[in-house]
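Just the heavy atoms: all of them, side chains too, but no hydrogens, waters or symmetry mates, feed the values below. Because the structure is predicted, anything quoted here is derived from the model rather than measured.
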Amino acid sequence: MKINGPQSSGPASRPTRPGQAAGGFSLGGAAGASAAGAKSGVAAMSGPTSVASLMALQGVEGVEGPLERRRRAIRRGHRLLDRLEALKLAHLAGQGDADALRALSQTGGEDRPDSEDASLNAVLDQVDLRVAVELAKAAVAGN
């Protein structure tokens, strides 16, 4: 259907190619459907043909800029602070803090993305130091 704009009052244009159906539906067999698809230029969908093309796509996705590194560093810092808070609450409640220590150790062991922001790196260094102190205290208490 063709839309010409508000000044046009004519009917929508019809298909002009010979053999092209006015409607989009037909009850032809599988051969008729494939012939119709071939006539109209519809190609079959196909996925990536090799592992190399998938690896190329992964390479494109792996590129991150300074803004994404900063966001990842901030998310990691928030996760560490949440783990420290959970450990504090476990200590105050007198509960076993083994799960909180395990989660803290796991999050602290994650690779820390280096941000270009010096002040953010300084804060993250302090958070990492606090995590290391808590893990060392737990190791001494466990021995």
Working to the nearest 0.5 Å, report the span between [atom1] of [X] and [atom2] of [Y].
{"X": "L104", "Y": "L84", "atom1": "CG", "atom2": "CG", "result": "5.0 Å"}
{"X": "Q126", "Y": "N121", "atom1": "CD", "atom2": "CG", "result": "11.5 Å"}
{"X": "L101", "Y": "L87", "atom1": "CG", "atom2": "CG", "result": "5.0 Å"}

Audit row: R112, D125, salt bridge (charged side-chain N to carboxylate O under 4.0 Å, His left out) steps and yes/no: CA-CA 10 Å; R112 176 177 154 187; D125 287 340; 2.6 Å; yes

Audit row: E85, R130, salt bridge (charged side-chain N to carboxylate O under 4.0 Å, His left out) steps and yes/no: CA-CA 12 Å; E85 181 72 17; R130 187 68 212 168; over 6 Å; no

Path from L81 to L124 over hydrophobic side-chain contacts below 4.5 Å: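 The answer is no; the residues belong to distinct hydrophobic clusters.
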
Within one Ile-Leu-Val-Met-Phe-Trp-Tyr cluster: L120 and V127, side-chain cutoff 4.5 Å: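 Different clusters.
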
Q106 vs R83, side-chain contact (heavy atoms from CB on, under 4.5 Å): CA-CA, chis, key distance, verdict: CA-CA 10 Å; Q106 182 180 9; R83 302 289 193 247; over 6 Å; no

Derivation of the salt bridge (charged side-chain N to carboxylate O under 4.0 Å, His left out) call for R72 and D111: CA-CA 10 Å; R72 284 191 327 119; D111 186 32; 5.4 Å; no

R102/D99 under side-chain contact (heavy atoms from CB on, under 4.5 Å): CA gap, chis, key distance, verdict: CA-CA 5 Å; R102 191 175 311 112; D99 291 335; 2.8 Å; yes

Exercise: do T107 and R79 side chains pair donor with acceptor under 3.5 Å: no

Closest approach of R76 to G108 (non-hydrogen atoms, all atoms of both residues): NH2-O, 3.1 Å

